[in-house]
Amino acid sequence: MEQKIHQGRNVKRFREMLGIKQEALAFDLGGEWNQKKVSLLEQKEVIDEPLLKEISELLKIPVEAFQNFDEEKAINVIANTFHDSAVANTFREQSQVNFHCSFNPLDKMVELYERMIQQQKEMMEKLEKLLQDK
């Protein structure tokens, strides 16, 4: 039985990884959005593509991440790839090991953390502006 990608759950996961609250995402989405509506959105298996693209731009995460990320598969890949002997072999036989990666995973992690820090700075600026306007 093939498990479907749950786009709403993926939005929630990435939003939480970035440290962004539902209220803040609702504020950024504007209009009639509120915390409750974001909560309901995160329960939807499929999200309309225009809305998914808007969320993608706000969170600065590729829309494909929401459409394709499968936590179970990711956990299985990590569990089956990274164990003590795999790490040891990487250092010993570096020229013979081929992970079939077209990018350095560590670079991607650093990039994600830098993006998270930048978004937290932006969020703080927004909150400070909101407090000043009151």
Side-chain angles (χ1 to χ4, degrees):
M1 182 168 107
E2 188 176 317
Q3 184 156 350
K4 289 200 169 223
I5 304 294
H6 196 291
Q7 294 177 355
R9 200 174 300 131
N10 286 343
V11 167
K12 179 179 181 177
R13 282 192 185 100
F14 287 110
R15 176 185 59 72
E16 288 176 341
M17 280 194 288
L18 293 167
I20 296 172
K21 297 211 174 288
Q22 289 178 332
E23 295 87 350
L25 181 58
F27 178 81
D28 284 344
L29 287 168
E32 63 204 38
W33 282 93
N34 57 38
Q35 180 273 325
K36 176 83 172 156
K37 195 169 175 185
V38 171
S39 178
L40 292 172
L41 171 84
E42 291 177 349
Q43 294 171 32
K44 291 178 75 174
E45 193 168 315
V46 177
I47 298 172
D48 294 335
E49 190 146 345
L51 177 56
L52 203 56
K53 285 181 180 177
E54 186 177 357
I55 293 168
S56 165
E57 290 169 16
L58 288 171
L59 298 181
K60 296 176 179 65
I61 291 178
V63 73
E64 295 81 14
F66 301 116
Q67 295 169 328
N68 301 323
F69 181 75
D70 183 336
E71 184 180 38
E72 254 183 60
K73 285 183 184 173
I75 290 170
N76 286 337
V77 167
I78 292 167
N80 292 325
T81 305
F82 297 103
H83 45 77
D84 291 341
S85 62
V87 173
N89 287 338
T90 305
F91 294 113
R92 253 186 295 135
E93 305 164 18
Q94 209 162 19
S95 62
Q96 295 176 359
V97 175
N98 185 358
F99 288 109
H100 304 289
C101 276
S102 59
F103 61 88
N104 182 339
L106 189 56
D107 289 344
K108 291 294 180 186
M109 289 299 296
V110 169
E111 188 179 309
L112 177 62
Y113 282 119
E114 287 173 348
R115 215 173 349 178
M116 288 170 57
I117 290 168
Q118 181 60 36
Q119 286 182 323
Q120 282 187 319
K121 285 180 185 175
E122 290 171 7
M123 188 61 58
M124 292 301 292
E125 290 169 5
K126 285 180 187 177
L127 290 172
E128 287 172 4
K129 186 177 183 326
L130 279 173
L131 288 173
Q132 289 172 357
D133 291 348
K134 286 193 173 190

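Computed from a predicted structure; not experimentally measured.
- Every salt bridge (Lys or Arg N to Asp or Glu O under 4.0 Å) that Lys53 has, sequence neighbours left out, goes to Glu49.
- Judged as a salt bridge (Lys or Arg N to Asp or Glu O under 4.0 Å), and not counting sequence neighbours, the contacts of Lys126 are Asp28.
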Under 3.5 Å donor-acceptor pairs involving side-chain atoms of residues 55-68, not counting sequence neighbours:
unit_1 : atom_1 : unit_2 : atom_2 : d
Ser56  : OG     : Ile61  : O      : 2.5
Ser56  : OG     : Val63  : N      : 3.2
Lys60  : NZ     : Glu122 : OE1    : 3.4
Asn68  : ND2    : Glu64  : O      : 3.2

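- Residues forming a salt bridge (Lys or Arg N to Asp or Glu O under 4.0 Å) with Glu54 (at least two apart in sequence, or on another chain): none.
- In this structure Lys129 satisfies the salt bridge (Lys or Arg N to Asp or Glu O under 4.0 Å) test together with Asp133, sequence neighbours excluded.
- Every residue was checked against the side-chain contact (heavy atoms from CB on, under 4.5 Å) condition with Glu128, not counting sequence neighbours, and none meets it.
- Cluster annotation: Val46 and Leu51 are assigned to distinct hydrophobic clusters (Ile/Leu/Val/Met/Phe/Trp/Tyr, side-chain heavy-atom contacts under 4.5 Å, transitive).
- With sequence neighbours excluded, the residues forming a side-chain hydrogen bond (donor to acceptor under 3.5 Å, both in side chains) with Glu32 are Lys37, listed by chain and number.
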Under 3.5 Å donor-acceptor pairs involving side-chain atoms of residues 12-22, not counting sequence neighbours:
unit_1 : atom_1 : unit_2 : atom_2 : d
Arg13  : NE     : Glu71  : OE1    : 3.3
Arg13  : NH1    : Asn10  : OD1    : 3.3
Arg13  : NH2    : Glu71  : OE1    : 2.6
Arg15  : NE     : Glu42  : OE2    : 2.6
Arg15  : NH1    : Ile20  : O      : 2.7
Arg15  : NH2    : Glu42  : OE1    : 3.2
Arg15  : NH2    : Glu42  : OE2    : 3.3
Gln22  : OE1    : Gln35  : NE2    : 2.5
Gln22  : NE2    : Glu42  : OE1    : 2.9

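- Within the model, atoms CG of Leu52 and NZ of Lys44 stand 10.5 Å from one another, a figure rounded to the nearest 0.5 Å.
- Note that CG of Asp48 and CD of Gln7 are 9.5 Å apart. Values are rounded to the nearest 0.5 Å.
- Under the side-chain contact (heavy atoms from CB on, under 4.5 Å) criterion, Glu111 pairs with Lys108, Arg115, not counting sequence neighbours.
- To the nearest 0.5 Å, atoms OG (Ser39) and CG (Asn34) are separated by 10.0 Å.
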